[in-house]
Asks: 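Got a structure here, written out as structure tokens. Questions coming.
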Amino acid sequence: MLRSPFLCFLLFVFLISCKDKTAVPVKNEALKKEAKELRAKGIKTLQKENYDSAFYYFNKSITLYKKTADSANIIYVLSQMALIQQTNSDYYASKETLTETLPYIRKKDIYSSYVNGLFGIAEKELSNYKDAIYYYNAAMKDYDGLEVKQAYLNNIAAVYINQKKYDKAINLLESAIKIKIAKTESQDGISRIIDNLGYAYFKNGLPEKGLLYMQKSLDLRKSLQDDYGSIENSIHLSEFYSETNPQKSKEFALKAYRTATKMHSIDERLEALALLMSNKSVAENTEYAKKFTSLNDSIIKIRNNFKNKSAKIKYDSQKEKDENEKLRLEKAENQIALQRAQYRQFIFISIFLLLSVLIFYLRKYYRNKNRIEKLETAYETEIRISKNIHDELANDVFHTITFSQTQPLENESAKETLIEKLDHIYARVRSISRENNTIDTGINYLPNLREMLSTYNNDERNIIINSIEKINWDAIDDIKKITIQRTLQELMVNMTKHSGASLVVVKFDQDANMIFIDYIDNGKGAKKNKIFKNGLQNMENRILSTKGTITFDTEPDKGFKVKISMPK
């Protein structure tokens with residue numbers, strides 16, 4: 001069962017928006033009709049909580065929607081697949097599925113709000129609390145609605161409670177209560193906020209005030225007949241009474257367990273059983289321990305089974321797509337082969353003779369070329385370092401010296417300004433050093449690569465690194481490791497200086513023979529005929545030197561994408 005019921009409202013608005021925006025001309029109406037039918041089957045089976053079938057239908061639907069370029073439905077269907085993965089606790093896979101939506105989101109609206117909300121849930125469940133708060137704030141900014149704002153404030157407060165930052169949680173929840181929403185549906189959201197506020201007061205050392213709010217929330221949920229919401233209330237009250245009144249704690253835990261069983265809510269049943277197992281008034285806890293173990297083993301088995309099935313569904317779909325593309329290419333190649341058959345013998349003899357003449361000269365040329373390229377690379381590095389020091393560092397040092405000579409340093413404000421200037425110079429020196437230092441290609445290569453990418457993360461920019469552990473880095477030679485790190489470093493520097501991106505995704509993958517790296521940002525992009533400026537030509541030279549390929553895809557205001565492939 002979905003752990004964030006408020007998203008149902010956002011999902012409803014999202015679905016209506018999706019239906020309004022799909023009225024675009026599509027070349028193949030039959031394809032669009034089939035995709036819509038598969039989507040409808042996915043929604044129907046999802047409502048019945050048949051997650052395997054729902055995921056299968058949605059996955060078939062997304063393959064067809066991508067052919068129709070229907071962005072709204074692509075985002076919607078991928079979001080539902082991510083939602084199913086989250087329901088089955090497959091949060092890493094959910095993040096990968098959500099990442100697929102990013103190229104189709106063109107502006108901040110209901111689409112981006114819903115996707116960011118799901119990103120936030122995934123990060124929260126993975127205990128990445130800082131990232132969860134980032135996504136909840138982004139979701140709240142992307143869609144201007146009081147119900148949504150109130151719900152996301154509650155979600156952020158829940159993260160603060162998990163971090164034991166109870167004062168922050170209380171401040172947010174009190175501000176959420178003050179939001180006036182002229183709808184009866186808002187009572188459901190208010191009851192969740194009141195319950196969390198009471199729980200936060202209790203955990204913050206104000207039990208009487210906490211109990212008042214938690215009981216008020218439970219009474220409100222009874223009047224609303226909100227059985228699902230009452231489960232969390234009962235769990236909180238059971239924990240509240242666990243030390244002072246174990247018998248009452250047991251009663252609330254049993255109530256939570258029975259309601260959760262009725263509502264088919266596995267996670268809440270496990271929480272209630274855990275409280276019963278530790279309850280001091282229960283003479284023999286063996287019964288509850290057995291139930292907990294049996295239920296926990298069962299849900300782990302079910303969720304692992306779903307993870308395997310969903311991964312296979314995606315794999316089979318990609319395999320079918322690859323095979324169809326392979327058949328199409330083979331057919332085209334056969335037609336070309338028939339047309340060129342009469343020329344093959346002549347071409348073969350010509351190439352053989354030409355290679356025999358040129359092979360000696362080519363060997364000599366490449367020996368000289370490698371020597372020259374090494375010298376040029378060293379020279380370019382020296383020039384770049386010199387330019388950075390001259391353009392960026394020298395002026396800062398000169399101004400700092402001048403400031404220290406002309407300002408009264410006994411003044412506290414002047415002293416703080418001087419410290420800030422020195423810190424800025426130190427950061428510049430570290431940046432120049434990091435861009436040009438030696439790369440460790442041994443056991444520290446992976447953590448160093450991750451750290452290098454993460455250093456570009458800040459309050460205005462979020463860096464997502466996907467599947468970097470999938471790569472068998474030990475099987476890659478040192479030259480290619482260095483090439484990968486330098487290329488990604490130049491991409492990040494270029495993004496920082498020219499892109500203005502707030503979101504960057506770097507995804508890694510591999511097969512038996514190749515390494516694949518995809519880079520996507522939502523920056524301002526550039527015209528294709530200008531992409532070889534700002535050091536991008538140097539990136540291409542690096543990749544080509546390893547017999548790899550690199551492609552750039554960009555347009556003004558449409559972000560920047562880079563695809564890199566390299567033999568192992």
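Here the structure is a predicted model, which means the values were calculated and not measured.
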Asks: Anything under 30° is parallel, anything over 60° is perpendicular, the rest tilted; go ahead and classify F58 against Y76.
Replies: perpendicular

Asks: Where is the tightest heavy-atom contact between T97 and L78, given as atom of each residue plus distance?
Replies: CG2-O, 3.4 Å

Asks: Does the side chain of N162 come within less than 4.5 Å of K124's, by heavy atoms?
Replies: yes

Asks: Once rounded to the nearest 0.5 Å, what's the spacing between atom CG of N88 and atom CG of N305?
Replies: 9.5 Å

Asks: For D142 and S113, which I'm curious about, is there any donor-acceptor pair between the side chains at under 3.5 Å?
Replies: no

Asks: Side chains of K568 and Q510, heavy atoms from C-beta outward: is any pair under 4.5 Å?
Replies: yes

Asks: Is a salt bridge present between E100 and K66, judged by a nitrogen-to-oxygen distance below 4.0 Å?
Replies: yes

Asks: Could you check whether any side-chain N or O of T87 sits under 3.5 Å from a backbone N or O of L83, counting only pairs where one atom can act as donor and the other as acceptor?
Replies: yes

Asks: Determine whether N448 and I439 make a side-chain contact, defined as any pair of heavy atoms from C-beta on separated by less than 4.5 Å.
Replies: no

Asks: Quick one, T99 and K507 - any side-chain contact, counting heavy atoms below 4.5 Å?
Replies: no

Asks: Check whether NZ of the Lys or CZ of the Arg K165 lies under 6.0 Å from the centre of the six-membered ring of Y160 and within 45 degrees of that ring's axis.
Replies: no

Asks: Name the one of D511, T549, D509 that satisfies side chain to side chain donor-acceptor pair (under 3.5 Å) with S565?
Replies: T549

Asks: Is the backbone of S112 close enough, under 3.5 Å, to the side chain of N116 for a donor and an acceptor to pair up by distance?
Replies: yes

Asks: Would the distance check show the side chain of N137 and the main-chain N or O of I133 forming a donor-acceptor pair, the cut-off being under 3.5 Å?
Replies: yes

Asks: If you look at every heavy atom in F55 and I84, which pair is closest and at what distance?
Replies: N-CD1, 3.9 Å

Asks: Return yes if some donor-acceptor pair links the side-chain N/O of S61 with the main-chain N/O of A35 below 3.5 Å, else return no.
Replies: yes

Asks: Are the side chains of S94 and Q86 in touch, meaning some heavy atoms are under 4.5 Å apart?
Replies: yes

Asks: Any salt bridge linking E123 with K95? Criterion: basic side-chain nitrogen under 4.0 Å from a carboxylate oxygen.
Replies: yes

Asks: Between D52 and K309, is there a side-chain N and carboxylate O pair less than 4.0 Å apart?
Replies: yes

Asks: Is any side-chain heavy atom of R542 closer than 4.5 Å to one of R486?
Replies: yes

Asks: Would you call K563 and D518 a salt bridge, using N to O less than 4.0 angstrom?
Replies: yes

Asks: Look at the side chain of K481 and the backbone N and O of W473, then say whether any donor-acceptor pair between them is shorter than 3.5 Å.
Replies: yes

